[in-house]
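Since the structure comes first, as structure tokens, the remarks are kept for the end.
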Amino acid sequence: MKLRLLFTESVPQSCPTVYETDRGTFVIQGNRLTDPEARADLANMLPGEDAVETPRETLLGAMRVTSGASRILAADSEEFLQLFETFEHTAFRFETLDRYAVPEEDEALRRFLAGESPDPSLFASWFALVQAATAAGKTVQRVHLVSEPLTDYMRYEFAYYQHSTAAGEDVRVLPRAQAQGLDLPGRDYWLFDSRRAALMRFDDDGHFYGVELTDDPQAVARCCYWRDVALHHATPYDRYIAEHPEQLGRAS
């Protein structure tokens, strides 16, 4: 029997993971169910059988892939990158990490922490894309869920947000303490034209390694709801830094 990795929400080659076999069945990889009370509720367990615990989102994701509503793409997939050129009306990003591991930024981050001003040319292509999109009447929005005090990486990223907002991006900040009870996701995603979502995958160190591109109606509707909640409760970037200069290491 041969396995094809169908879906995972975790670091590559880790669990929980769903595989499709070449004989029309599925294999689920996960943590063995060990809770005595839960195992007592298992019905009709036969010799050789066992049970594993798998997150609901992993099974739903596998269902989206098998139904054709989702596809798993590499982080540098041209199809994913083209979405930023081809969206018609709106592009929205929800960010949840306090640090993203991007090797191309290592030197810029080191210089920033040493006291140098950020070099906007590092993200010139993004600023140009935002400027062209907003000039054409499109909307580009972002909400970043942040821990306070801000991490060194977040202070670095905030230094570039001033250039994003100048280019026309609507950047907002949502402290984690304020987001408690809002039922927002613990993952990053992009939402394009309220009809296609790119659910992003990062490892524990913040490396971007893949994306689930989906037009599944339920998944997209959840992303639209999360967007509306996040935008409603978040603070515009300019106002946040004016009200919280201490977060950027500035005097009040």
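Hydrogens, waters and symmetry mates play no part in the numbers below; they use all other heavy atoms, side chains included. For the single chain, residues carry numbers from 1 onward in sequence order.
Screening Thr214, Val220, Asp215, Leu191 for a side chain to side chain contact (heavy atoms under 4.5 Å, CB included) with Arg196, the sole residue that qualifies is Asp215.
The structure places CG of Leu109 at 9.5 Å from CD of Glu107, a figure rounded to the nearest 0.5 Å. Separating the NE2 atom in His244 from the CD atom in Glu246 is a distance of 6.5 Å, to the nearest 0.5 Å. In this structure, CG in Leu3 is found 10.0 Å from CD in Glu20, a value given to the nearest 0.5 Å. Atom CE of Met200 and atom CG of Leu213 lie 11.5 Å apart (nearest 0.5 Å).
A side-chain donor-acceptor contact under 3.5 Å links Asp188 and Tyr100. A side-chain donor from one of Asp119 and Ser121 sits under 3.5 Å from a side-chain acceptor of the other. Thr25 and Thr21 are linked by a side-chain donor-acceptor pair at a separation below 3.5 angstrom, with hydrogens and angles left out of the test. His144 and Tyr237 are not linked by any side-chain donor-acceptor pair at a separation below 3.5 angstrom, with hydrogens and angles left out of the test. Checking Arg111 against Ser117 by side-chain atom types alone, no donor-acceptor pair falls below 3.5 Å.
Environment of CD in Glu53: sparse, with no more than 12 heavy atoms of neighbouring residues, nucleotides or ligands closer than 6.0 Å. Few gaps surround CG on Asp35; more than 12 heavy atoms of other groups in view lie less than 6.0 Å from it. For Glu243, the CD atom counts as densely surrounded, since its 6.0 Å shell holds more than 12 non-hydrogen atoms of other residues, nucleotides or ligands.
Ring pair Tyr160/Phe123 is perpendicular by interplanar angle, where above 60° counts as perpendicular and below 30° as parallel. The aromatic rings of Phe87 and Phe192 lie tilted to each other, with the angle between the two planes from 30° to 60°.
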Apply side chain to side chain contact (heavy atoms under 4.5 Å, CB included) to residues Leu122 and Phe127 and explain how you reach the verdict. CA-CA 10 Å; Leu122 183 63; Phe127 302 145; over 6 Å; no
Show your working on side chain to side chain contact (heavy atoms under 4.5 Å, CB included) between Tyr19 and Arg4 and close with a plain yes or no. CA-CA 5 Å; Tyr19 301 87; Arg4 178 175 74 92; over 6 Å; no
Derivation and outcome, side chain to side chain contact (heavy atoms under 4.5 Å, CB included), residues Thr139 and Thr134: CA-CA 6 Å; Thr139 299; Thr134 55; over 6 Å; no
Checking Val18 against Thr8 for the side chain to side chain contact (heavy atoms under 4.5 Å, CB included) test, could you report, in this order, the C-alpha distance in whole Å, the side-chain angles of both residues, the deciding distance, and whether it holds? CA-CA 6 Å; Val18 179; Thr8 181; over 6 Å; no
For salt bridge (Lys or Arg N to Asp or Glu O under 4.0 Å), just list the numbers for Arg142 and Glu95, CA-CA rounded to whole Å, side-chain angles, deciding distance to a tenth of an Å, and then say yes or no. CA-CA 8 Å; Arg142 178 188 309 262; Glu95 293 183 293; 3.3 Å; yes
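A distance-only check finds no donor-acceptor pair linking the side chain of Asp205 to the backbone of His207 [under 3.5 Å]. The backbone N or O of Glu79 lies less than 3.5 Å from no partner atom in the side chain of Gln82, so there is not a single donor-acceptor pair. Under a 3.5 Å cut-off, the side chain of Thr66 and the backbone N or O of Ala62 do form a donor-acceptor pair.
With respect to the salt-bridge test (charged N to carboxylate O, under 4.0 angstrom), the residues Arg222 and Asp183 do not qualify. One finds no salt bridge joining Arg99 and Glu105 here, because no Lys/Arg side-chain nitrogen approaches an Asp/Glu carboxylate oxygen to under 4.0 Å. Salt-bridge annotation for Arg172 and Asp170: present, with a side-chain N of the basic residue lying under 4.0 Å from a carboxylate O of the acidic one. Between Asp50 and Arg32, at least one side-chain nitrogen of the basic residue sits less than 4.0 Å from a carboxylate oxygen of the acidic one, meeting the salt-bridge criterion. Between Arg176 and Asp98, at least one side-chain nitrogen of the basic residue sits less than 4.0 Å from a carboxylate oxygen of the acidic one, meeting the salt-bridge criterion. Using a cutoff of 4.0 Å between basic side-chain nitrogens and carboxylate oxygens, Arg64 and Glu212 are scored as salt-bridged.
Arg201 forms a cation-pi arrangement with Phe7, by the criterion of a distance under 6.0 Å to the ring centre and an angle within 45° of the ring axis.
Both Leu97 and Val211 belong to a single network of hydrophobic side chains, linked directly or stepwise wherever heavy atoms of I, L, V, M, F, W or Y lie under 4.5 Å apart.
Side-chain rings of Trp190 and Phe94 stay apart, their centers remaining 6.0 Å or farther from each other.
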